[in-house]
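Atoms within a ligand are numbered from 1 in the order they appear, just like the ligands themselves.
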Amino acid sequence: MPTPAWEVRPTGERRRLVHVNATARGGGVAELLHGLVPCQQAAGLNAGWAVIGGDEDFYAVTKLLHHLLHGTADPDRLRPGSVRTYRERLAPQAAWFTEWLTRDDVVVLHDPQTLGLAPMLSATGARVAWHCHVGADIPPDRGPGAVWRAFAAELSAVDAVVTTLPEFAPPSVPLARRFVAAPAIDPSAPKNRHLEPAEVAALLDRAGLTADRTAPDVRVVQQTTLPEGARVVLQVSRWDPLKDMPGVVRCLAGLAPDVHLVLAGTDPTEIPDDPEGLAVLADVEKTLAELAPADRARVHLVNVSMRDPLGNALLVNALQRRADVVLQKSLEEGFGLTVTEAMVKGRAVVASSVGGLRQQVIHERNGLLVEPTDLAGVRAALTRLLDDPALRRRLGEQARNDTLERYTMTRLVTDYGAIAGSAEE
Ligand code: UDP
């Protein structure tokens with residue numbers, strides 16, 4: 001069993017605030033922690049970040065938990081044996097923490113992968129919060145209930161549960177221990193900072209999207225060159241079934257012939273806690289094969305490596321700036337950082353009316369909300385924005401203002417301050 005690796009170490013004797021998650025790169029939580037931890041340190045906190053490890057069996061269980069919390073898996077699939085495997089994989093890693101944690105420390109466990117550490121960490125006297133970034137507006141019997149029941153012991157060991165929306169919290173946790181904090185972005189990070197049009201063009205060229213070349217850290221799976229004047233619809237996502245990338249491909253037929261789709265995702269072989277990526281990518285390629293050749297040539301699949309985190313961040317930034325419309329056609333979504341990243345760049349967004357996206361996007365004010373399973377409705381929203389530059393500008397400007405007001409890292413640092421403060425009362 002791999003030992004947890006420190007990504008950022010708290011230093012000195014002062015009270016430590018330690019975040020724990022399952023991956024250093026790839027996905028929204030890793031992205032969030034790369035921004036949050038330095039921001040908390042800048043605010044004077046002794047903040048750090050540890051990353052747990054796992055094996056195939058462990059990640060099969062944690063991915064099931066992820067789907068159950070989104071209501072997209074059968075609750076009967078969560079068997080006592082799965083819960084046992086999950087706990088067995090975490091126990092040696094908990095021991096690694098308990099060697100040095102004290103009652104003065106605060107630990108924030110992120111997402112279902114780390115919840116199982118709670119009883120052992122809490123036994124040290126340290127304050128333990130669980131920040132669950134996933135959730136869906138579904139009745140508990142569709143999946144979350146099974147997770148809450150199986151992990152009742154873990155949930156009773158945490159001092160605070162943090163969710164993006166109040167309704168995502170486990171009902172068994174007393175109200176006084178429930179907190180709501182939406183994720184946030186750093187507008188000055190490489191992922192979001194301003195890029196001159198020439199930089200955008202150079203980054204897309206380097207990635208092989210607009211020029212015929214192969215970049216070392218980018219695999220353009222669908223190798224056709226994006227024409228300079230093409231109108232672009234972009235979705236950036238992990239290759240996760242809930243992001244519905246095949247559904248995005250199906251949107252193309254029916255859009256004007258100069259509209260191109262760019263689907264960008266992290267190389268699925270590089271995210272250990274996301275075992276479904278290759279199958280989803282294969283599904284996307286199968287869907288592509290069903291398109292007429294002329295339509296297929298208007299779809300670009302970009303598979304970005306995390307081996308070069310700066311290059312990855314700049315490429316995502318460039319893609320979001322190149323896009324005329326940014327789509328997030330998720331079937332469920334606790335919160336979509338990709339949407340907030342697009343909005344802070346003043347992009348017009350079309351997002352599914354699900355979960356946290358409904359909080360991020362206010363229909364007709366700063367973007368458009370759609371029913372993800374209504375392909376005709378998604379196409380109509382895309383076409384409406386693509387054909388109306390003034391509307392795109394109006395929604396995009398509002399999107400930027402709303403994002404700067406509601407979703408920047410300093411707000412999250414303040415939220416965490418309140419959570420840690422009340423956990424002590
Ligand atoms: N991301 C990235 N490169 C990619 C695909 C995604 O850097 O090729 C980032 C994206 O910019 C965002 C995060 O991964 O910051 C995804 O977060 P989100 O909340 O949208 O979804 P999650 O993956 O957590 O479900």
Side-chain angles (χ1 to χ4, degrees), residues 21-36 62-63 66-67 69-70 72 110-113 131-136 164 182-187 189-193 203 207 209 215 217-221 234-245 248 262-271 273-274 276-277 280-281 300-321 323 326-345 347 349 351-352 354-357 359-361 403 407 409:
N21 83 321
T23 180
R25 298 272 167 203
V29 176
E31 180 78 22
L32 184 86
L33 292 176
H34 276 288
L36 177 63
T62 60
K63 194 71 200 213
H66 176 87
H67 284 308
L69 292 180
H70 283 116
T72 52
H110 291 267
D111 271 351
Q113 294 93 323
H131 193 156
C132 182
H133 299 265
V134 295
T164 302
I185 57 162
D186 174 1
K191 173 75 57 76
N192 297 312
R193 75 164 171 82
L203 285 158
L209 195 61
D217 289 316
V218 184
R219 196 161 68 93
V220 181
V221 183
L234 168 76
Q235 178 160 310
V236 178
S237 289
R238 280 178 302 109
W239 305 99
D240 179 306
L242 293 182
K243 309 291 183 181
D244 197 21
M245 291 288 226
V248 176
V262 178
L263 278 63
T266 320
D267 186 333
T269 61
E270 293 179 11
I271 310 184
D273 66 338
D274 190 6
E276 294 174 318
V280 172
L281 192 52
H300 311 267
L301 299 191
V302 185
N303 199 358
V304 195
S305 168
M306 302 302 271
R307 282 192 304 270
D308 170 16
L310 177 62
N312 171 74
L314 288 171
L315 178 57
V316 172
N317 186 341
L319 287 168
Q320 288 167 333
R321 288 178 190 282
V326 172
L327 174 63
Q328 192 63 47
K329 194 182 169 307
S330 303
L331 303 174
E332 290 294 346
E333 191 73 74
F335 187 94
L337 274 185
T338 49
V339 170
T340 296
E341 290 161 4
M343 290 172 79
V344 83
K345 298 176 180 74
R347 294 299 90 185
V349 298
S352 300
V354 297
L357 294 176
Q359 186 198 62
Q360 296 170 256
V361 177
T403 303
Y407 295 123
M409 219 36 103

(request) Indicate whether the side chain of E332 and that of T72 have a donor and an acceptor atom separated by less than 3.5 Å. (result) no

(message) Could you check whether H67 and E276, counting side-chain N and O atoms only, form a donor-acceptor pair closer than 3.5 Å?
(response) yes

(message) Regarding Q360 and T340, do their side chains bring together a donor and an acceptor under 3.5 Å, going by distance alone?
(response) yes

(request) Look at the rings of H110 and H133 and say which category their plane angle falls in: under 30° parallel, 30 to 60° tilted, over 60° perpendicular. (result) parallel

(message) Counting only heavy atoms and a distance below 4.0 Å, can you name the residues contacting ligand 1?
(response) G27, G28, E31, K191, V236, S237, R238, K243, G265, T266, V304, N312, V316, E333, F335, G336, L337, T338, E341

(request) Quick one: do T164 and Q359 satisfy side-chain hydrogen bond (donor to acceptor under 3.5 Å, both in side chains)? Show the steps, please. (result) CA-CA 9 Å; T164 302; Q359 186 198 62; over 6 Å; no

(request) Output yes when R25 and D267 qualify as a salt bridge under the 4.0 Å nitrogen-oxygen rule, no when they do not. (result) no

